[in-house]
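For reference, the structure discussed in these notes is given below.
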Amino acid sequence: MGTSTVESMTNKSKVDKYSHHDYYGVDDLLSEDHLLARDAVRDWVKQEVSPIIEAYSEKGECPTHLFKGLADIGAFGPSLPTKYGGGGMDEIAYGVIMQELERGDSGIRSMASVQGSLVMYPIYRYASEEQKMKWLPKLGSGEFIGCFGLTEPDHGSNPSGMVTNIKDDGDAYILNGAKMWITNSPVADIAVVWAKDEEGQIRGMVVEKGMKGFSTPEIHGKWSLRASITGELVFEDVRVPKENVFPDIRGLKGPLSCLSKARYGIAWGAIGAALDCYDSALRYSQERVQFGKPIGQFQLTQKKLAEMITEITKAQLLAWRLGSLANDGKASPSQISMAKRNNVAMALDIAREARQIHGGMGITNEYPCMRHMMNLETVLTYEGTHDIHLLITGYDVTGLNAFS
Ligand code: TGC
Ligand code: FAD
């Protein structure tokens with residue numbers, strides 16, 4: 001991937017002026033370890049992401065050199081055991097790390113959530129000990145990059161309809177089909193792939209780069225998540241050794257359990273994007289003068305800012321409570337779904353309002369709001385669309401399943 005043009009466009013002297021916003025003292029609910037993790041990732045984002053992200057986004061290129069740095073700051077699998085390449089921290093630490101990464105850019109958080117929650121987590125949860133030791137340390141250190149293949153061209157919201165399949169062939173399975181919209185696929189060393197066996201059961205497996213018949217074409221033309229690389233996974237009679245197939249998991253609950261882990265991270269991550277937009281809008285409202293006054297003095301601007309910090313505060317409390325439940329092993333998939341939906345929609349609304357406060361300047365790359373807004377359109381859609389999450393809550397509260 002050529003990055004030289006982008007690198008020449010980056011402005012290392014651009015200062016990230018982000019300051020801390022904690023209206024309800026949520027920091028008091030965090031431990032010293034949580035605060036240390038958060039501040040370390042915040043510093044890393046200020047140094048490594050903020051100076052370059054507008055240029056990479058504009059160019060539509062993924063800053064792949066950041067994979068190593070993400071590994072070094074412990075962003076891959078923060079709550080997985082250290083023995084398996086994770087950070088050995090709790091679920092709230094994982095959450096605050098995702099928040100800080102997405103404060104930088106949703107695409108950077110995606111790089112980390114796919115690697116940690118959608119590649120390392122299924123291997124940790126469903127692979128044999130031998131499979132774990134083969135892949136997890138290399139994924140945790142960033143030596144290997146992974147991707148997660150569930151969505152297909154004709155099966156997005158309804159993955160149970162997938163047609164990608166495996167057929168028994170002695171010591172291997174023959175894999176055929178295609179996956180679509182796969183974050184990191186063109187740069188991945190391995191792909192965690194979900195496919196149906198001859199009994200129609202969904203199985204999980206690791207497909208390795210270089211296997212004959214396996215290709216990963218890049219998807220171009222995205223107006224959203226432009227600093228994240230997205231592609232397909234195409235399988236044409238790929239021979240996947242049986243030793244690459246997860247032994248004990250059958251059915252849709254395999255991939256869906258991984259989604260719960262990643263959706264949890266997004267519920268926190270979206271707060272970061274919202275905070276960045278709010279922070280920029282607040283500062284702009286104090287500096288920009290119209291009609292002889294800072295625009296922050298106008299009641300309509302204050303209404304916007306007051307509503308933004310209120311919604312951010314509610315989202316922070318929702319995420320913190322979800323994190324406490326997750327630490328006790330009590331966060332249900334429906335509770336995670338609610339937080340993902342609410343917090344992403346909240347962030348998208350705030351990005352739009354913040355963009356308005358910046359007036360014309362809001363559409364430029366001088367300010368982060370438009371980039372966050374465009375990114376959040378993807379975040380609203382992936383890991384289950386906003387409407388699918390409404391239906392998950394609807395099912396949970398009524399007991400009536402809209403999907404069947
Ligand atoms: P349903 O019958 O409800 O469930 C099948 C089995 O799965 C269990 N289950 C879950 N388990 C763990 N976590 C969850 N979140 C779970 N949701 C369901 C369920 O209990 C059942 O278990 P069992 O033992 O009875 O078999 O399945 P359904 O076919 O009716 O589908 C339900 C629906 C629509 C909610 C589900 O298919 C869904 O969530 N669809 C959305 C698809 C989606 O989110 N795709 C995401 C693809 S990956 C991605 O976007 C990565 S973006 C990465 C990045 O860049 O950050
Ligand atoms: P569809 O399922 O076709 O939905 C279209 C519209 O119909 C949506 O508004 C949806 O809410 C609505 N709809 C569908 N069913 C219903 C219903 N029953 N009731 C009401 N409304 C309904 N997938 C992966 O597997 N791995 C990845 O790494 C990954 N990364 C992604 C990265 C990007 C940039 C994007 C855009 C997507 C990514 N995805 C990934 C795929 C993502 O999860 C899907 O796009 C998402 O699940 C929606 O599927 P779809 O795009 O096919 O939309």
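Read the numbers this way: they start at 1 and go in the same order the structure lists the ligands and their atoms.
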Taking distance alone, with N or O pairs closer than 3.5 Å, would you say F148 contacts ligand 2? yes

Quick one: look up the protein heavy atom nearest atom 45 (O) of ligand 2 and list residue, atom name and how far away it is. T381 CG2, 3.9 Å

Regarding T183 and Y382, is there a side-chain donor-to-acceptor distance under 3.5 Å anywhere? no

Y382 heavy atoms within 4.0 Å reach ligand 2 at atoms 31 (C), 32 (C), 33 (C), 37 (C), 38 (C), 42 (C), 43 (O)

Can you tell me if R288 uses its side chain to pair, donor with acceptor, with the backbone of G359 under 3.5 Å? no

I'd like to know if the side chain of N342 pairs up with that of H389 as donor and acceptor (distance under 3.5 Å, no hydrogens or angles considered). no

Atom 11 (O) of ligand 2 touched by protein (heavy atom, under 4.0 Å): yes

Flag T385 as yes when one of its N or O atoms lies below 3.5 Å from any N or O atom of ligand 2, and as no otherwise. yes

Which atoms of ligand 2 are found less than 4.0 Å from any heavy atom of E383? 43 (O)

When you compare ligand 2 with L150, is there at least one nitrogen or oxygen pair between them that comes in under 3.5 angstrom? yes

Does atom 3 (O) of ligand 2 have a protein non-hydrogen atom under 4.0 Å from it? no

Note every protein N or O atom lying under 3.5 Å from an N or O atom of ligand 1, pairing the names and giving the distance.
| unit_1 | atom_1 | unit_2 | atom_2 | d |
| --- | --- | --- | --- | --- |
| ligand 1 | 13 (N) | L256 | O | 3.2 |
| ligand 1 | 13 (N) | S260 | OG | 3.1 |
| ligand 1 | 15 (N) | S260 | OG | 2.9 |
| ligand 1 | 39 (O) | R263 | NH2 | 3.0 |
| ligand 1 | 40 (N) | S157 | O | 2.9 |
| ligand 1 | 44 (O) | R263 | NH2 | 2.8 |
| ligand 1 | 44 (O) | G384 | N | 2.8 |
| ligand 1 | 50 (O) | E383 | N | 2.9 |
| ligand 1 | 55 (O) | S110 | OG | 2.7 |
| ligand 1 | 55 (O) | T183 | OG1 | 2.9 |
| ligand 1 | 56 (O) | R109 | NH1 | 3.4 |
| ligand 1 | 56 (O) | S110 | OG | 3.1 |
| ligand 1 | 56 (O) | Y382 | OH | 3.3 |

Might you check, step by step, whether the distance between atom 40 (C) of ligand 2 and some protein heavy atom is under 4.0 Å? yes

Is there a donor-acceptor pair under 3.5 Å between the side chain of Q131 and the backbone N or O of V245? yes

Just by modelled atom types, is the E377 backbone N or O under 3.5 Å from a matching donor or acceptor in the T381 side chain? yes

Nearest non-hydrogen protein atom to atom 28 (O) of ligand 2, with distance, is T183 N, 3.0 Å

Of the protein's non-hydrogen atoms, which lies at the shortest distance from atom 52 (O) of ligand 2, and what is that distance? G156 CA, 3.3 Å

Starting from atom 34 (C) of ligand 2, what is the nearest protein heavy atom, named by residue and atom, and what distance separates them? T378 CG2, 3.5 Å

K17 side chain to R283 main-chain N or O, any donor-acceptor pair under 3.5 Å? no

What is the closest protein heavy atom to atom 27 (C) of ligand 2, and at what distance does it sit? W181 O, 3.2 Å

Donor-acceptor contact below 3.5 Å, side chain R371 vs main chain E54: no

Using a distance-only test with no angle check, is there a side-chain donor-acceptor pair under 3.5 angstrom linking K209 and T216? no

State the atoms of ligand 2, each with its element, that fall below the 4.0 Å cut-off from a heavy-atom position in T151. 23 (N), 24 (C), 25 (O), 40 (C), 41 (C), 42 (C), 43 (O)

Test item: protein heavy atom less than 4.0 Å from atom 43 (O) of ligand 2: yes

Contact atoms of ligand 2, heavy-atom distance to I182 under 4.0 Å: 24 (C), 25 (O), 26 (N), 27 (C), 28 (O)

Any atoms of ligand 2 less than 4.0 Å from a non-hydrogen atom of L391? List them with their elements. 17 (C), 19 (N), 20 (C)

Say whether S157, considering both its backbone and side-chain N or O atoms, lies within less than 3.5 Å of an N or O atom on ligand 2. yes

So, are E129 and K83 salt-bridged, with charged N and O less than 4.0 Å apart? yes

Heavy-atom donor-acceptor pair, D22 side chain to V26 backbone, under 3.5 Å: yes

So, does S257 use its side chain to make a donor-acceptor pair with the main chain of K253 at under 3.5 Å? yes

Can you check ring-ring contact (aromatic ring centres under 6.0 Å, His included) on Y264 and Y94, steps first, answer last? CA-CA 9 Å; Y264 169 85; Y94 163 41; 5.5 Å; yes

For ligand 2, which atoms have a heavy atom of D387 less than 4.0 angstrom away? 11 (O)

Quick check: does any side chain N or O of N375 sit under 3.5 Å from a backbone N or O of S224, one acting as donor and the other as acceptor? no

Which residue and heavy atom of the protein sit nearest atom 22 (C) of ligand 2, plus the separation: I388 CD1, 4.5 Å

